[in-house]
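This report concerns only the one structure given below.
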Amino acid sequence: MFNNKYDIIVVGAGHAGSEAAAAAANMGSKTLLVTMNLQNIAQMSCNPAMGGIAKGQILREIDALGGYSGIVTDQTAIQFKMLNKSKGPAMWSPRAQSDRMRFAEQWRLLLEETTSVDFYQEMVTDLLFDKDRVCGVKTSLGLEIYAKSVVLTSGTFLNGLIHIGEKQFGGGRAGERASFGITERLVERGFASGRMKTGTPPRVDGRSLDYSKMIEQPGDEQPSTFSYLPTTKPLQSQRSCHMTYTNPEVHDLLREGFDRSPMFNGRIKSIGPRYCPSVEDKINRFADKDRHQIFVEPEGWNTVEVYVNGFSTSLPEDVQYRALTAVKGFEKVKFFRPGYAIEYDYFPPTQLKHSLETKPINGLFFAGQINGTTGYEEAAAQGLIAGINAHQYHKEKEPFSLRRDQAYIGVLIDDLITKGTEEPYRMFTSRAEYRTLLRQDNADTRLTPLSHKIGLATDERFRVMESAQERANGLIDFLRKTSIQPDQINPILNSNETALVKQSTKLAKILSRPQLTMNDLTSVVPLANFLVENELNQETLEQAEIQIKYAGYIEKEEAQAKKLDRLESIKIPDGFDYNNIQSISTEARQKLTEIQPKTLSQASRISGVSPSDISVLLVHMGR
């Protein structure tokens with residue numbers, strides 16, 4: 001069946017594997033996507049939503065680079081919200097509730113339309129090597145399939161172990177078996193591995209809930225989209241989520257099961273996600289809180305299945321049920337399936353290069369939860385970069401990577417390979433030093449030219465980006481050059497409780513006032529005429545407003561990024577022997593030897609490497 005050698009084999013078809021296969025194939029690589037179940041491509045294993053704080057920025061970056069996650073989200077969304085609108089634009093984060101079944105279906109259809117992707121359903125149990133280079137995979141049936149590079153995106157399946165109370169059984173996801181063999185083979189080849197934990201809440205029957213006792217959470221009145229392409233349209237109708245709370249009775253009922261909790265009785269030894277704790281972990285760590293939020297999220301347009309966000313748990317199913325019936329609105333709840341925790345193997349990501357190629361084995365790439373991350377968006381971003389670089393590798397082209405001042409994806413990967421992680425890594429805006437530069441609204445201008453240059457972003461996508469940029473720049477230029485008379489603007493200033501002007505003033509200077517937005521000024525005659533003549537949309541108005549209002553912050557961050565470029569440009573030779581430098585600390589010597597940073601900038605971000613160590617290296621590299 002597999003006489004011909006593939007360019008790339010992608011193992012696993014979750015969010016990372018789907019993006020990896022699409023990227024590699026769209027760049028021209030003959031790609032095989034191998035998965036244990038073709039019905040579960042891009043399955044939303046946990047919550048039926050995409051985006052959120054920092055994650056929404058990542059999703060827009062994936063779209064700007066030519067990935068599919070943003071397009072699929074737009075096509076299958078049931079609700080859209082822009083989070084943090086009360087804060088500055090650096091914090092604005094788009095989020096969408098998705099139709100879980102349609103999301104997976106649409107991903108599969110897009111992949112099937114990608115002619116360079118082949119599919120095969122079976123478990124990969126081993127990797128094939130030629131010395132220090134990967135050359136293919138071996139399946140549970142003993143088939144050997146050869147390729148020039150392999151992308152491993154195993155999710156939670158490597159030696160997966162599911163916990164519900166005192167019960168435990170092998171599995172990579174509810175109803176699906178775990179994967180075996182790969183961890184052991186990689187450890188034989190010199191890789192370090194570890195165990196992590198994640199969890200999921202019960203799914204319940206929405207017909208058994210009393211929504212009148214909950215707080216409705218509707219979507220935005222004017223929803224937007226994730227994709228920059230005009231082919232995806234904003235939602236015309238939306239489904240609401242709802243919010244309710246736990247209470248002291250719920251907490252007491254949960255505590256009754258603590259003696260049977262795998263988290264507290266020692267059955268689970270690995271570390272779970274700090275920022276998405278189980279409900280039993282929350283009431284244990286935050287004992288002073290008498291309630292916690294529960295978000296009630298529909299899993300699609302037509303299904304009655306509901307995701308109970310905030311109630312992730314691995315307690316016994318009878319404890320889960322009794323506690324949930326004490327939550328307001330859940331008194332008569334019916335379970336579809338209980339919550340559970342899952343332990344799985346991962347490989348500390350300090351064993352990777354910026355391209356996500358492994359250091360010990362050439363041509364082998366890791367993406368997703370195998371690298372210690374959590375979340376669909378983080379996985380999809382890694383899959384995209386791994387897919388690109390698997391293509392670049394076998395074409396013998398330069399690896400593609402993103403700096404920390406270019407993208408949240410750059411921050412994510414640099415954090416992983418430079419600092420490593422001992423708990424599931426989740427992206428936050430606070431992890432990025434250049435938040436004002438890395439906004440969700442400008443991902444296309446930051447990244448589409450880079451992706452177009454390597455052959456992933458299409459000509460159409462590049463033209464859309466250029467056109468949007470020209471419209472925004474034209475509006476900014478107009479606002480900076482056009483003056484407004486006091487009698488034209490003072491009524492608006494007065495109604496917005498900001499100081500009146502006494503002489504002709506540039507519109508840009510008026511707009512820079514914090515009390516005013518672009519929409520406050522659209523009725524002013526010169527601007528109103530300009531908007532009509534040029535048919536400018538809301539996104540263009542927002543882009544121009546941000547550029548004008550935050551010009552000082554943007555310029556400051558750009559200047560800081562340029563300063564750090566000095567360290568980025570100083571390369572460290574491959575295999576550099578740090579033992580020859582006596583003036584750096586022992587800890588720095590050990591960390592630098594282990595991670596082998598490529599530049600002084602990367603070296604400066606390694607935990608345990610001090611500024612004085614960098615100064616010594618700077619002098620040494622200068623010599």
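Start at 1 with the first residue, then count along the sequence.
No donor-acceptor pair closer than 3.5 Å links the side chain of D132 to the backbone N or O of I361. Between the side chain of N84 and the main chain of M91, a donor-acceptor pair closer than 3.5 Å is present. With hydrogens and angles disregarded, no donor-acceptor distance shorter than 3.5 Å links the side chain of E19 to the backbone of G67. Although no hydrogens or angles enter the test, the distance criterion places a donor-acceptor pair under 3.5 Å between the side chain of D577 and the main chain of N579. For the pair R60 (side chain) and Q57 (backbone), a donor-acceptor distance under 3.5 Å is absent. Remark: side-chain polar atoms of R435 are not paired, donor with acceptor, to backbone N or O of A90 under 3.5 angstrom. For the pair R404 (side chain) and D414 (backbone), a donor-acceptor distance under 3.5 Å is absent. Under a 3.5 Å cut-off, the side chain of N442 and the backbone N or O of L437 do form a donor-acceptor pair.
T153 is not listed as a side-chain neighbour of V11, based on a closest heavy-atom distance of 4.5 Å or more. Residues Q392 and S355 have side chains not in contact (no heavy-atom distance under 4.5 Å, counting atoms from C-beta outward). You'll find the side chain of I417 stays beyond 4.5 Å of the side chain of I595, heavy atoms only. Contact check for S69 versus E377: no side-chain heavy atoms found under the 4.5 Å cut-off. Using a 4.5 Å heavy-atom cutoff, the side chains of S18 and W107 are in contact. Side-chain contact check for L83 versus W92: every heavy-atom pair is 4.5 Å or farther apart. Using a 4.5 Å cut-off on side-chain heavy atoms (C-beta onward), T139 and M123 make no contact.
With no hydrogens or angles considered, no side-chain donor-acceptor pair links N159 and Y344 at under 3.5 Å. Using modelled atom types and a 3.5 Å distance limit, the side chains of E280 and T313 yield a donor-acceptor pair.
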- Under the side-chain contact (heavy atoms from CB on, under 4.5 Å) rule, what do L617 and L592 come out as? Steps first, then yes or no, please. CA-CA 11 Å; L617 287 172; L592 290 163; 3.9 Å; yes

- Under the side-chain contact (heavy atoms from CB on, under 4.5 Å) rule, what do K55 and S93 come out as? Steps first, then yes or no, please. CA-CA 7 Å; K55 293 168 175 281; S93 301; over 6 Å; no

- Message: Could you walk me through whether F400 and H354 satisfy the ring pair (Phe, Tyr, Trp, His ring centres under 6.0 Å) test, starting with their C-alpha distance in whole Å, then the side-chain angles of each, then the deciding distance to 0.1 Å, before giving a yes or no?
- Response: CA-CA 8 Å; F400 177 81; H354 270 98; over 10 Å; no

- Stepwise salt bridge (Lys or Arg N to Asp or Glu O under 4.0 Å) check, R274 with E423: CA-CA 7 Å; R274 177 188 301 266; E423 61 184 50; 2.9 Å; yes

- Does the pair L161 and I342 meet the rule for a side-chain contact (heavy atoms from CB on, under 4.5 Å), with working shown? CA-CA 5 Å; L161 185 64; I342 180 166; 5.9 Å; no

- Please report the C-alpha distance between N26 and Y68 in whole Å, then the side-chain angles of each, then the deciding distance to 0.1 Å, and finally whether the side chain to side chain donor-acceptor pair (under 3.5 Å) criterion is met. CA-CA 11 Å; N26 285 328; Y68 284 163; 3.0 Å; yes

- Test side chain to side chain donor-acceptor pair (under 3.5 Å) applied to S193 and D345, step by step: CA-CA 7 Å; S193 72; D345 292 341; 5.6 Å; no

- Output, in order, the C-alpha distance, side-chain angles, deciding distance and verdict of side-chain contact (heavy atoms from CB on, under 4.5 Å) for D7 and T31. CA-CA 6 Å; D7 294 324; T31 304; 5.8 Å; no

- Verdict with reasoning, S612 to S610, per side chain to side chain donor-acceptor pair (under 3.5 Å): CA-CA 5 Å; S612 62; S610 69; 2.8 Å; yes

- Task: List the steps, then state whether salt bridge (Lys or Arg N to Asp or Glu O under 4.0 Å) holds for D574 with K598.
- Result: CA-CA 7 Å; D574 289 341; K598 294 295 183 185; 2.8 Å; yes

- Item | Evaluation steps, side chain to side chain donor-acceptor pair (under 3.5 Å), between T76 and Q106 | CA-CA 8 Å; T76 61; Q106 189 59 32; over 6 Å; no

- Task: Evaluate the ring pair (Phe, Tyr, Trp, His ring centres under 6.0 Å) criterion for residues Y307 and F295: first the C-alpha distance (whole Å), next the side-chain angles of each, then the deciding distance (0.1 Å), finally the verdict.
- Result: CA-CA 8 Å; Y307 180 86; F295 291 98; over 10 Å; no

- Query: For F347 and F366, what are the C-alpha separation, side-chain angles and deciding distance, and is it a ring pair (Phe, Tyr, Trp, His ring centres under 6.0 Å)?
  - Reply: CA-CA 9 Å; F347 292 84; F366 288 173; 5.5 Å; yes

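Within 6.0 Å of CD in E188 there are more than 12 heavy atoms belonging to other residues, nucleotides or ligands. Annotation: K138, atom NZ; neighbour count of heavy atoms from other residues, nucleotides and ligands within 6.0 Å does not exceed 12.
Geometric assessment of R431 against the ring of Y425 yields a positive cation-pi assignment under the 6.0 Å and 45° thresholds. Both the sub-6.0 Å distance and the 45° axial angle are not jointly satisfied by R173 relative to the ring of F157.
Residues satisfying the ring-ring contact (aromatic ring centres under 6.0 Å, His included) criterion with H163, sequence neighbours excluded, are absent altogether.
A perpendicular orientation is assigned to the rings of Y393 and F365, their planes being inclined by more than 60° (bins at 30° and 60°).
Considering CZ of F311 and NZ of K282, their distance stands at 9.0 Å, rounded to 0.5 Å.
Between F576 and H620, the distance from one ring center to the other falls under 6.0 angstrom.
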